[in-house]
Every structure is written in structure tokens, then in C-alpha cells.
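Written out below as C-alpha cells is the structure these notes cover.
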Protein chains: 2
Amino acid sequence: MTELKQHLNEKGLRLTWQRQVVMEVVGKHKGKHLSSSEIFELVKESHPSIGLATIYRTLPLLEKMKLLNKICLDDGCVRYESYTPKEQEHHHLICMACGAVYEVEQDLLGIKEKQIIRDNHFSIKGYMVKLYGYCESCAEKKSEMKKEVAL
Amino acid sequence: MTELKQHLNEKGLRLTWQRQVVMEVVGKHKGKHLSSSEIFELVKESHPSIGLATIYRTLPLLEKMKLLNKICLDDGCVRYESYTPKEQEHHHLICMACGAVYEVEQDLLGIKEKQIIRDNHFSIKGYMVKLYGYCESCAEKKSEMKKEVAL
DNA sequence: CTTAAAGTGATAATAATTATCAATATCGAA
DNA sequence: TTCGATATTGATAATTATTATCACTTTAAG
Ligand SMILES: [Mn+2]
Ligand SMILES: [Mn+2]
Ligand SMILES: [Zn+2]
Ligand SMILES: [Zn+2]
């Protein structure tokens with residue numbers, strides 16, 4: 001039995017082709033950070049009859065079942081990506097100039113976690129780091145502009 | 001000359017009482033994470049004639065001048081707080097049950113930053129860590145519920 | 001004091017997301 | 001299999017957060 005069906009059964013929910021297709025589509029785009037409407041468009045390619053409301057219902061559901069990760073990259077919409085378990089969380093570099101997003105595969109917090117839990121009486125289930133800065137090409141453009149102004 | 005006026009002058013922008021009041025209001029609420037409409041309500045208390053559009057214009061402006069921090073706590077709206085410079089960045093514990101937000105004053109990345117810059121050819125100007133978990137009271141409620149189910 | 005240009009308030013317009021509801025599909029039991 | 005309780009869906013109306021417009025006002029340099 002597929003992992004999706006398993007999770008659904010546990011909660012008395014039903015397996016529909018809509019839920020399967022959403023899982024498949026996101027799974028086919030590892031490394032991408034897809035908005036709800038982008039997922040809608042991708043699903044429609046193979047299943048044009050699906051409704052947008054179903055997408056908006058399905059994504060939070062899959063997230064709660066930990067089959068997807070929800071992320072918020074400050075561009076005004078929620079995005080989703082394939083689930084990464086706590087042990088191999090990854091993080092995001094966001095270019096403040098062009099908005100490009102790069103992934104960082106590294107444990108960025110490490111042992112500090114335990115200390116935070118002690119200090120704050122807060123049990124930590126996961127974390128997300130967003131790093132803001134400039135990608136290589138945007139950094140170059142910025143230094144060129146400074147030169148021009150100096151002339 | 002106030003820091004606000006200084007920044008505005010540099011860019012040929014003007015000092016208005018609206019901009020001053022928004023700064024004041026957010027400054028009076030250190031530790032809070034205020035949404036645009038919450039800020040609107042707070043400003044209206046002393047200055048009822050202000051328009052919502054001005055709030056939405058002013059906040060991103062103050063953020064670009066680094067007089068405010070913009071944050072995104074996954075609840076569907078942008079929030080702002082008093083500016084904290086890079087050297088003393090703080091981070092957020094978000095309770096997945098009740099939504100409460102606590103602050104953590106700690107450098108969570110430290111030396112890893114340089115390594116990230118090397119590995120990714122990305123200049124880092126700042127970062128933000130969101131830690132997800134359960135606050136003390138919600139953690140208790142959860143364990144109580146498990147007991148009940150077990151009965 | 002004048003005046004050009006920046007800024008504002010009211011409000012219309014968008015964009016993302018949620019709520020409603022009648023019709024349909026799923027799945028365990030008969 | 002068939003049946004039926006109910007979970008789910010698609011269409012669409014409604015909300016919510018944010019942005020765009022535009023005529024009028026305010027700022028600040030001269
Ligand atoms: Mn990612
Ligand atoms: Mn904070
Ligand atoms: Zn860039
Ligand atoms: Zn809580």
C-alpha cells in the first residue's frame with residue numbers, strides 16, 4: 001500500500017486520483033518550489049478536469065501528513081516542495097536582487113538545538129533557515145553600478 | 001537630525017508625519033510582530049485620518065531603509081518589527097498548535113556562514129531562522145490527549 | 001511666498017486563499 | 001456486486017491582503 005493511502009486510511013480519509021496526481025506532480029519536480037497555482041497548471045496538463053479548489057484543499061492536507069513541505073519565500077504566496085525529513089533538512093539562499101532561490105544541504109543548527117529547547121521550554125520539531133544576500137551575477141552587477149556612479 | 005530624516009534626505013524623499021508615526025508605533029512595540037493592518041489600527045488611535053494605503057506604502061519603504069524588519073511567520077500576512085542589525089539578529093520559535101511566537105536571542109549560524117558563502121558563491125547579508133515545535137502548554141495538552149485516547 | 005515634485009486618502013483593482021453547496025466518488029458492509 | 005453513509009469534488013461566490021489610480025495636499029528648496 002502506498003504511503004499516501006496509508007496516511008489517508010489512518011484518518012478515515014479517502015484515496016482519490018486528485019490527491020495522487022498532486023503528489024506525483026510535486027514529486028516530479030524535486031528541487032523546485034512550486035506555488036499552488038503553478039501546481040494547478042502542472043496538474044491540468046495531464047488532468048484538465050481538476051478544480052483549483054481541490055488543489056488548495058489537497059496541499060495543506062499533504063503537508064499535515066508530512067508528504068510535502070510548505071515554504072514561504074517572501075514573494076506573497078505559499079510554496080511547496082517534496083518532503084525532506086528532519087534528519088536531512090535543507091535551507092534556502094534567496095537573492096535579494098533577482099529573487100533566485102538556491103538550496104543549501106547542510107545542518108545549519110546542529111547541537112544548538114538542545115540548548116534552545118532547554119532555554120525556552122519549547123520542543124522543536126523542525127526548523128527552516130532563509131539566508132538573504134546576492135547571487136553571483138547580481139553581486140557583479142551591483143559592483144559595476146557603483147563604479148559607474150563613481151565616474 | 002533624526003535617523004529617519006537622514007535616510008529620507010539621502011534619497012530625495014520627504015519627511016511626513018505619517019512616516020514618523022509609523023516608526024514611532026512600531027518602536028513602541030518591541031518584541032511584537034505586527035501585521036500591516038495591526039499597525040494601521042495602532043496608528044489610527046492617535047492619528048485617525050491616516051489612510052490604509054499610506055501604511056502599505058510606508059512599511060516597505062522603512063524596511064528598505066533598514067528601519068524595520070519584515071518577517072513572514074506563515075500566517076498569511078507580512079509582519080514587521082523593530083530593526084535588529086545583523087550583529088544581533090534574533091530568531092523565532094513558532095508553536096505549531098497555538099501559533100504563539102517566541103524570540104530567541106542567539107547567533108544560530110555563527111561560523112558556518114563563511115563556509116556557505118564559499119560553497120555557494122553567494123554573499124550573505126542576513127538570515128532568518130524559524131523553529132517549529134510546541135510551546136510548553138501545548139506540549140502538555142498533547143500528552144494529555146494521548147493518555148485519553150489510550151483509555 | 002512660490003512652486004515643482006513627492007506624498008496622501010479614497011477607492012478601484014488584483015491576487016491568493018477560503019467558504020458554500022449541489023453533485024459525485026469512495027469504500028466498508030451486506 | 002450492490003448499497004449507502006459520508007468524504008470529496010468542481011464551480012463559483014466571498015474574503016483577505018496587497019497594489020494601482022488619481023485628484024488633491026504637503027514638503028522643502030529657492
Ligand atoms: Mn527547497
Ligand atoms: Mn522578532
Ligand atoms: Zn540574483
Ligand atoms: Zn502553543
Residues in ring pair (Phe, Tyr, Trp, His ring centres under 6.0 Å) contact with His47(B), at least two apart in sequence or another chain =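 Applying ring pair (Phe, Tyr, Trp, His ring centres under 6.0 Å) to His47(B) gives Trp17(B).
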TODO: Look at Lys5(A) and dC27(C) and indicate whether a side-chain polar atom (N or O) is within less than 4.0 Å of OP1 or OP2.
DONE: yes
Examine distances only and state if a side-chain atom of Arg19(A) and a backbone atom of Arg14(A) form a donor-acceptor pair shorter than 3.5 Å.
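It does hold such a pair.
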Could you run down the sub-3.5 Å N/O contacts of the protein with nucleotides 17-20 of chain D?
| residue | atom | partner | partner atom | Å |
| --- | --- | --- | --- | --- |
| dT18(D) | OP1 | Val78(B) | N | 3.1 |
| dT18(D) | OP2 | Tyr56(B) | OH | 2.8 |

Hydrophobic cluster identity match, Val25(A) and Leu68(A), side-chain contacts under 4.5 Å:
yes
Within this structure, what is the [atom1]-to-[atom2] distance between [X] and [N], rounded to whole angstrom?
X	N	atom1	atom2	answer
Leu61(A)	dT17(C)	CG	C1'	16 Å
Glu38(A)	dT17(C)	CD	P	11 Å
Phe40(B)	dA10(C)	CZ	C1'	11 Å
Ile55(A)	dT18(C)	CD1	P	14 Å
His47(B)	dT8(C)	NE2	P	13 Å
Asn9(B)	dA29(D)	CG	C1'	11 Å
Leu4(B)	dT27(D)	CG	P	13 Å
Lys11(A)	dT8(D)	NZ	P	12 Å

How far apart are the closest heavy atoms of [X] and [Y], and which atoms are they?
X	Y	result
Asp75(B)	Arg79(B)	OD2-NH2, 2.8 Å
Phe122(A)	Leu93(B)	CD2-CD2, 3.7 Å
Glu63(A)	Tyr80(A)	CB-CE2, 4.4 Å
Ser82(B)	Val26(B)	OG-O, 3.6 Å

**Parallel, tilted or perpendicular: ring planes of His90(B) versus His33(B), cut at 30 and 60 degrees** =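 Answer is tilted, since the angle falls between 30° and 60°.
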Are the charged groups of Asp74(B) and Lys130(B) less than 4.0 angstrom apart, N to O?
-> yes
Numerically ordered, the residues 13-27 of chain A set in heavy-atom contact under 4.0 Å with DNA chain C is Arg14(A), Leu15(A)
